[in-house]
Amino acid sequence: VLTHDTLVHGVHVREDEDPADIAWKLVAVNLSDLAAKGAAPVGVLVSHMLGDADERFVAGLREVLETYATPLLGGDTVRADGRRVWGCTAIGRAKHTPVPDRRSARAGDAIFVTGSLGRAMLGMADRGSGSADDLAYRRPRPLLAEGRALAPHVGAMMDISDGLLLDSWRMAKASDVGFDLDRGAIPVADPERADECLRWGDDYQLLFTASPGTDLPVPATRIGTVAEGPARLALDGDTLTPEDGLGYRH
């Protein structure tokens, strides 16, 4: 399983972000993609744009790689003017076949999500406190063990990076099915900002489908049902489209 993500200063991370946190996030978001495939990390290649506090980037890189027992296989360093940019390619080995992907949702399946949505959003206002919300934004934790445990039981699966609604639409479109979501069932970190929690992103929880009676090996919340196609997304019966601002898009 191969995946690649790029972080841009001032776009995906704050301008004054600790480079150690940037390094953590760079690797973690790629490992989250492996988690969504039920894969175990083989290693990563990292591209680093030199600049201020490079020693902090190295410290954060070492920390995340040791935490997830992932070798650094190689990469590149460059120096240039303008916004700093970092890239990471993660290589994983699938632990179950067929490998889960976003094209395998089937009518009649239940839709599930792990965890609670919106913690990274709340962490933006709770910066540096060390709270669960703060760490959810600065140091997301890829659900590698959970992804491997779920892989034999799911239909479709992906991680939530750009917002639950947008990623649900992407899964529905890839599978050519309808996604009927129940707003009241969706676990959110702040009920008063529930709408933002569904759209903000950076959660890195797992969104997946499975037969309704499946005995799931990890805690998850049922948030809806897969319907016959063509592809569509509905929230409490109201049809939504990407033009409704479902989540983060460049």
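The model shown is predicted, which means the values in this text are computed figures rather than measured ones. FYI, the numbering just counts along the sequence from 1.
No donor-acceptor pair closer than 3.5 Å links the side chain of Ser175 to the backbone N or O of Ala172. No donor-acceptor pair closer than 3.5 Å links the side chain of Thr3 to the backbone N or O of Ala90. The closest donor-acceptor contact from the side chain of Ser116 to the backbone of Ala189 lies under 3.5 Å. Looking only at distances, a side-chain donor or acceptor of Asn30 sits under 3.5 Å from a matching main-chain atom of Asp5. Between the side chain of Asp244 and the main chain of Leu246, no donor-acceptor pair closer than 3.5 Å is present. Panel note: side chain Glu17, backbone Arg14; a donor-acceptor pair is recorded below 3.5 Å. The closest donor-acceptor contact from the side chain of Ser211 to the backbone of Thr214 lies at 3.5 Å or more, if one exists at all. Judged by distance alone, with hydrogens and angles left aside, the side-chain atoms of His4 form a donor-acceptor pair with the main-chain N or O of Cys88 at under 3.5 Å. Distance alone, capped at 3.5 Å, is enough to place a donor-acceptor pair between the Thr209 side chain and the Ala156 backbone. Of the possible polar contacts, one joining the Asp203 side chain to the Gly118 backbone as a donor-acceptor pair under 3.5 Å is found.
Ring geometry for Trp86 against Phe57 counts as parallel: the plane angle stays under 30°, on a 0 to 90° scale with 60° as the upper cut. Between Trp24 and Tyr68, the ring planes lie perpendicular to each other; the angle is over 60°, past the 30° to 60° tilted range.
Look at Arg106 and Asp109 and you find no salt bridge, because none of the NZ, NE, NH1 or NH2 atoms lies under 4.0 Å from a carboxylate O. Taking 4.0 Å as the cut-off between side-chain N and carboxylate O, Asp190 and Arg119 do not count as a salt-bridged pair. Look at Asp21 and Arg139 and you find a salt bridge, because one of the NZ, NE, NH1 or NH2 atoms lies within 4.0 Å of a carboxylate O, short of that distance. Glu15 and Arg84 are not joined by a salt bridge, as no carboxylate oxygen comes within less than 4.0 angstrom of a charged side-chain nitrogen. Salt bridge status for Arg102 with Asp167: absent, with no side-chain N to carboxylate O gap under 4.0 Å. Salt bridge present: Arg199 and Asp195 bring a charged side-chain N and a carboxylate O closer than 4.0 Å. For the pair Glu146 and Arg141, the salt-bridge criterion is not met [side-chain N within less than 4.0 Å of a carboxylate O].
Contact of the Leu45 side chain with the Leu72 side chain is not registered, since no non-hydrogen atoms from C-beta on lie closer than 4.5 Å. Side-chain atoms of Gln205 and Leu117, non-hydrogen and from C-beta on, do get closer than 4.5 Å to each other. Val29 is listed as a side-chain neighbour of Tyr204, based on a closest heavy-atom distance under 4.5 Å.
Rounded to the nearest 0.5 angstrom, Leu181 CG and Leu164 CG are separated by 6.0 Å. The distance from the CG atom of Leu50 to the CZ atom of Arg79 is 5.0 Å, given to the nearest 0.5 Å.
A cation-pi contact, defined as under 6.0 Å to the ring centre and within 45° of the axis, is absent between Lys173 and Phe179.
Put simply, Ile160 and Leu166 are part of the same group of oily side chains (I, L, V, M, F, W, Y) that touch within less than 4.5 Å, one to the next.
For the residue pair Asp126/Ser129, the side-chain donor-acceptor check at 3.5 Å is satisfied. Between the side chains of Asp180 and Thr225, no donor-acceptor pair of N or O atoms lies under 3.5 Å. Of the N and O atoms on the side chains of Ser32 and Asp159, at least one donor lies less than 3.5 Å from an acceptor on the other residue.
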